[in-house]
**Q** 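Just passing along the structure, written as structure tokens.
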Number of protein chains: 2
Amino acid sequence: MAKRTQGKPAGLSRQRIAAAAVDLVDRQGLESFGVRRLASELGVDPMSIYNHIKGKAALLDAVSEAVLTEVSATSAQWPDDWTAIARTMARGYRDMAMRHPRIFPLLATRAQTSAVALEALERLTAAMRRAGIPDQTIADAPLVLFGFLNGYLLATVSADPGGTGDPATGAAPPAFDPTLYPTLSALAPLQAGFGGEAEFERMLETVVVGIAEGATRPQAARPGRGSRGATAARPTSDGTVIV
Amino acid sequence: MAKRTQGKPAGLSRQRIAAAAVDLVDRQGLESFGVRRLASELGVDPMSIYNHIKGKAALLDAVSEAVLTEVSATSAQWPDDWTAIARTMARGYRDMAMRHPRIFPLLATRAQTSAVALEALERLTAAMRRAGIPDQTIADAPLVLFGFLNGYLLATVSADPGGTGDPATGAAPPAFDPTLYPTLSALAPLQAGFGGEAEFERMLETVVVGIAEGATRPQAARPGRGSRGATAARPTSDGTVIV
DNA sequence: TAGGTAATACTTACGGTGTAGGTATCACAT
DNA sequence: ATGTGATACCTACACCGTAAGTATTACCTA
């Protein structure tokens, strides 16, 4: 007897589950999120979810994929110039991060291998190739751009530790001891624009220009640091691409 | 009856607990980490840990602080030039990240408010002030530098999703479909140096130069993006500093 | 229309988690 | 010797992810 105790039509599907999960994490945060909570949200038995998604990890992957899809859906038309593509992507990515601050850590932390992520990378790198950028620079570009975006947006957007913070409070800065940290204290008022759009644009510009210049400059020589030596390249253990 | 069933002296302390936790996460990864596992590692009852550390969150904070302390302990003498300080910090930070790849996500994800983190920031910003850099640039610098470091190192160092990967395997890249992603496929061999030292130095240079140039360049104007408007600055909810 | 079959939903159960509350034991100053 | 505060310990609770097994539905074929 498959009772339908809730009013919901309950035609479960990966899409519907992912959408509900996104909504739930947005509202309640990551640490309280779980299969059971999600199931009760959907008016469904926890185990039913496993028919569509393999486990909690896959569930989180589905959440990541869903919000990533929002990003590429934002821009219907892509420019030709690779710097314009990079900037458009970056802005869409930031917008998404600000829409889903509790979800964003997931994207920054886990390797993204979904089709939508790879398509975005393909689009960027292809445009750079068309522009005649050296291959090594192109190969580095995604890591530079999204490495920066992930780190900057992590600090900026999901600043409450553990996501347990009450978003309504906005609690005033407790301010550190000025005798211990005089410079930081003096600078504190200037951090009013922390995470603001102007700041973001400034930094994005720095990164894009940095990539573009890397294409023309010879590879920077490293001042000697002693015995360390080669520090062999450490490829990702599973060959996945982190966006 | 306080039985000492294990051979360990078991003079529990925040330090000893943190050290054991660092070791445990290094070996087993973050997701399997827990109070009970740690307690059994220490040959101690789980609840005993709560006498020294308030809860799991505080425990993770202690872990972060412990590895951060390693970084500042690395360099006994700090240079005067702020760019040299920034580079030294960045390299020490990277070394730490590579020593503790399973722990690093903790640092990138959670706001750092420990004394050792604030001291580092104070050191950097003070040197920039001595050099006459504009205050706004100084206020932005930590976010740029550590934002980049966190994002880049996250992608580079802890690339296995969930930390469940067997570090011994080094599994060969599964390689994506070349017909779908021709450019990415063509570039794949160039990513052999992914996460290597040379690449890191190149990008670090880009960021440091970017900060330095931000000091001289007027604030970059933003090309219009329509109706969005102000996007009010969103200060961190608790005023903490993310390192 | 009847029968078979694959997909879907559900129930139960197990071994784990973080931690609140209460109790026994110790070290040490008086 | 005695009191006293810190330390360690045990029990218990509510919750978690998910393996295994069972009932119900939907659909295709004859």
Side-chain angles (χ1 to χ4, degrees), chain A residues 1-21 24-25 27-64 102 106 109-110 161-165, chain B residues 1-21 24-25 27-64 102 105-106 109-110 161-164:
Chain A
M1 180 212 6
K3 51 185 168 189
R4 179 84 339 98
T5 47
Q6 301 287 351
K8 303 257 181 82
L12 238 31
S13 73
R14 190 185 147 97
Q15 293 264 345
R16 212 166 90 82
I17 293 173
L24 184 57
V25 178
R27 282 184 289 119
Q28 319 252 37
L30 262 179
E31 34 289 309
S32 77
F33 175 77
V35 180
R36 294 172 119 114
R37 290 275 246 269
L38 177 59
S40 94
E41 194 79 7
L42 284 162
V44 133
D45 184 279
M47 288 317 286
S48 295
I49 290 181
Y50 282 75
N51 290 316
H52 303 267
I53 291 180
K54 287 217 301 241
K56 194 183 186 184
L59 188 51
L60 294 177
D61 284 340
V63 169
S64 304
R102 333 276 288 261
L106 234 48
T109 298
R110 301 162 66 86
T164 55
Chain B
M1 180 214 1
K3 50 183 168 189
R4 180 83 340 99
T5 46
Q6 301 287 352
K8 303 257 182 81
L12 237 31
S13 72
R14 187 184 149 96
Q15 293 264 346
R16 211 166 90 82
I17 293 173
L24 183 57
V25 177
R27 280 184 291 120
Q28 317 252 36
L30 261 181
E31 34 288 308
S32 78
F33 175 78
V35 179
R36 294 173 121 114
R37 291 275 248 269
L38 177 59
S40 94
E41 194 80 5
L42 284 161
V44 133
D45 182 279
M47 289 315 287
S48 296
I49 290 180
Y50 282 75
N51 290 316
H52 302 268
I53 291 180
K54 285 216 303 234
K56 194 183 186 185
L59 187 52
L60 295 177
D61 284 340
V63 170
S64 304
R102 333 277 289 259
L106 233 48
T109 297
R110 301 162 67 87
T164 55

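Naming convention: chains lettered A, B, ... in sequence-line order (proteins, then strands); numbering from 1 in each chain.
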**Q** Just the rounded figure in Å: distance from P of dT8(C) to CD1 of Ile53(A).
**A** 13 Å
**Q** Rounded to the nearest angstrom, tell me the gap between atom CG in Asn51(B) and atom C1' in dA24(C).
**A** 13 Å
**Q** More 5' along DNA chain D: Ser32(A) or Met47(A), using each one's nearest nucleotide?
**A** Ser32(A)
**Q** Please report the distance, rounded to the nearest Å, between OH in Tyr50(B) and P in dG22(C).
**A**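 One finds 18 Å between P of dG22(C) and OH of Tyr50(B), rounded.
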**Q** Whole angstroms only, please: what is the CD1-C1' distance between Ile49(A) and dA19(D)?
**A**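 It works out to 16 Å between those atoms.
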**Q** Kindly say whether, by distance alone, the side chain of Arg36(B) makes a donor-acceptor pair under 3.5 Å with the base of dG18(C)?
**A**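 When only heavy-atom distances are counted, Arg36(B) does reach the base of dG18(C) through a donor-acceptor pair under 3.5 Å.
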**Q** For Thr109(A) and Leu106(A), indicate whether the former's side chain and the latter's backbone hold a donor-acceptor pair under 3.5 Å.
**A**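 Such a contact is absent between Thr109(A) side chain and Leu106(A) backbone.
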**Q** Rounded to whole Å, how long is the line connecting atom NZ of Lys54(A) with atom C1' of dG17(D)?
**A**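 Whole-Å distance recorded here is 16 Å.
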**Q** Should Arg37(B) be listed as having a side-chain N or O under 4.0 Å from OP1 or OP2 of dT17(C)?
**A** yes
**Q** Any side-chain heavy-atom pair from Lys56(A) and Glu31(B) closer than 4.5 angstrom?
**A** no
**Q** From CG of Asp45(B) over to C1' of dA20(C), roughly how many Å is that when rounded to an integer?
**A** 13 Å
**Q** Can you identify which nucleotide, out of dC10(C), dC9(D), dT18(D), has its nearest atom closest to the Pro46(A) side chain?
**A**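 Minimum distance to the Pro46(A) side chain belongs to dT18(D).
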**Q** Looking at Ala20(A) and Leu42(A), what are the two nearest heavy atoms and their distance?
**A**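 The answer is CB-CD2, 3.6 Å.
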**Q** Would a distance-only check, ignoring hydrogens and angles, find a side-chain to backbone donor-acceptor pair under 3.5 Å from Arg110(A) to Ala57(A)?
**A** yes
**Q** If I take atom CG in residue Leu38(B) and atom C1' in nucleotide dG18(C), what distance separates them, rounded to the nearest angstrom?
**A** 13 Å
**Q** Phosphate oxygens OP1/OP2 of dT8(C): is one of them under 4.0 Å from a side-chain N or O of His52(A)?
**A** no
**Q** Whole angstroms only, please: what is the NZ-P distance between Lys56(A) and dA19(D)?
**A**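 About 15 Å, once rounded to whole Å.
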